Amino acid sequence: MRRTASDTARAHLAATLIATGSEDRAAFHELYRLTSAKLFGITLRICGDRQAAEDVLHDVYLVIWRRAGGWEPGRASPISWLATIARNKAIDWRRANAARFAGRLEDAPEPVDPAPDAEAMLVEEGERHTLHDCLRELEARQADAIRTAFFDGVTYAELAERRGVPAGTAKSWIRRGLARLKECLHRDR
């Protein structure tokens with residue numbers, strides 16, 4: 001039952017994203033309703049400042065409106081594509097404001113999810129289990145690099161510095177890990 005609800009929710013999100021790509025304003029509104037809490041959580045975690053995260057989220061949805069037509073269903077799940085845009089925009093903000101960023105990412109407040117709907121919770125739970133199962137199949141350094149870069153919002157350069165390796169090595173761990181992760185995630189569909 002959970003898998004069916006998850007598939008239904010994923011299909012609804014995909015259809016909404018496709019309609020947004022056709023400049024359907026109602027679909028864009030629905031896309032915002034379905035994803036804003038999650039994307040805000042990503043921007044808040046990386047920015048570490050509520051006002052900045054809100055500003056970045058605004059920019060994220062501008063990018064989504066302009067680029068939704070370029071989303072390719074076979075390449076990434078809709079939420080992964082959207083989360084990548086949010087992550088990249090937040091990292092760009094953090095880089096641009098590096099001098100003002102005094103706190104550590106670990107000290108950023110946890111996002112508050114106002115009221116997720118049941119459908120979104122089921123999809124997220126199913127995707128979380130699948131993702132964590134697939135991460136466990138990766139080599140330890142690849143899984144660690146992906147978790148650090150994508151869950152903690154750390155740039156490749158910061159990851160390389162933290163692990164004491166060249167930037168190319170850190171990128172390679174992530175690139176190879178993401179390729180294996182993609183295979184695993186598609187295998188379970």
Side-chain angles (χ1 to χ4, degrees), residues 6 9-10 13 17 31-65 67-68 71 76-136 138 140-163 167 170-171 173-175 177-178 181-182 185:
S6 175
R10 184 180 291 123
L13 184 57
L17 184 55
L31 184 72
Y32 181 85
R33 187 188 69 76
L34 292 170
T35 62
S36 60
K38 181 174 189 74
L39 299 185
F40 178 70
I42 292 168
T43 60
L44 180 60
R45 182 169 173 96
I46 295 170
C47 295
D49 176 77
R50 188 172 198 78
Q51 183 61 50
E54 290 172 0
D55 293 344
V56 169
L57 188 65
H58 179 265
D59 292 343
V60 166
Y61 280 99
L62 289 174
V63 170
I64 292 168
W65 176 253
R67 286 206 222 146
W71 174 66
S77 73
I79 197 64
S80 297
W81 187 78
L82 297 166
T84 299
I85 292 171
R87 177 185 177 272
N88 290 343
K89 278 300 208 182
I91 287 173
D92 289 347
W93 177 89
R94 201 166 130 207
R95 284 179 181 151
N97 293 281
R100 289 188 342 190
F101 189 74
R104 296 178 342 168
L105 185 58
E106 292 81 17
D107 297 332
E110 286 296 318
V112 178
D113 192 357
D117 61 15
E119 182 181 51
M121 287 172 50
L122 285 172
V123 169
E124 188 172 319
E125 184 67 21
E127 288 177 349
R128 182 177 21 253
H129 286 295
T130 303
L131 177 62
H132 286 292
D133 289 344
C134 289
L135 278 169
R136 281 192 281 278
L138 300 178
R141 64 183 179 195
Q142 291 174 344
D144 174 65
I146 289 171
R147 281 187 184 103
T148 303
F150 291 93
F151 296 164
D152 295 340
V154 173
T155 65
Y156 294 128
E158 291 169 330
L159 175 66
E161 185 178 318
R162 287 183 183 187
R163 300 300 179 259
K171 286 181 183 180
W173 290 344
I174 292 172
R175 187 173 47 254
L178 287 175
L181 195 59
K182 181 179 178 182
L185 292 170

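Worth knowing before you read on, the calculation uses all heavy atoms, side chains too, and leaves out hydrogens, waters and symmetry mates. From a predicted model like this one, the values you see are computed outputs, not experimental measurements.
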Set of residues satisfying side-chain contact (heavy atoms from CB on, under 4.5 Å) with respect to [X], sequence neighbours excluded:
| X | value |
| --- | --- |
| Glu54 | Phe40, Arg50, Gln51 |
| Ala90 | Thr43, Ile46, Cys47, Val56 |
| Ala170 | Leu159, Ala160, Val165 |
| Leu62 | His58, Asp59, Arg66 |

For a quick test of reading the model, state the closest non-hydrogen atom pair linking [X] to [Y] and the distance between them.
| X | Y | answer |
| --- | --- | --- |
| Lys89 | Val60 | CB-CG2, 3.8 Å |
| Leu181 | Cys134 | CD1-CB, 3.5 Å |
| Pro78 | Arg10 | CG-O, 4.1 Å |
| Ser36 | Leu57 | O-CD2, 4.1 Å |

Value rounded to 0.5 Å, distance of [atom1] in [X] from [atom2] in [Y]:
| X | Y | atom1 | atom2 | answer |
| --- | --- | --- | --- | --- |
| Trp71 | Ile64 | CH2 | CD1 | 12.5 Å |
| Leu13 | Leu31 | CG | CG | 6.0 Å |
| Glu161 | Thr155 | CD | OG1 | 9.0 Å |
| Arg67 | Leu82 | CZ | CG | 11.5 Å |
| Ile79 | Leu17 | CD1 | CG | 9.5 Å |

Between Arg94 (side chain) and Gly48 (backbone), is there a donor-acceptor pair under 3.5 Å?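 Side chain of Arg94 to backbone of Gly48, a donor-acceptor pair under 3.5 Å: no, none is there.
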
Excluding sequence neighbours, so at least two apart, what forms ring pair (Phe, Tyr, Trp, His ring centres under 6.0 Å) with Tyr156?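 For Tyr156 there are no ring pair (Phe, Tyr, Trp, His ring centres under 6.0 Å) partners, ignoring immediate neighbours.
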
With Arg163, which residues qualify under side chain to side chain donor-acceptor pair (under 3.5 Å), at least two apart?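 Here the qualifying residues are Asp144, Thr148.
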
Is there side-chain contact between Tyr61 and Thr35, with at least one heavy-atom pair below 4.5 Å?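 They are in side-chain contact.
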
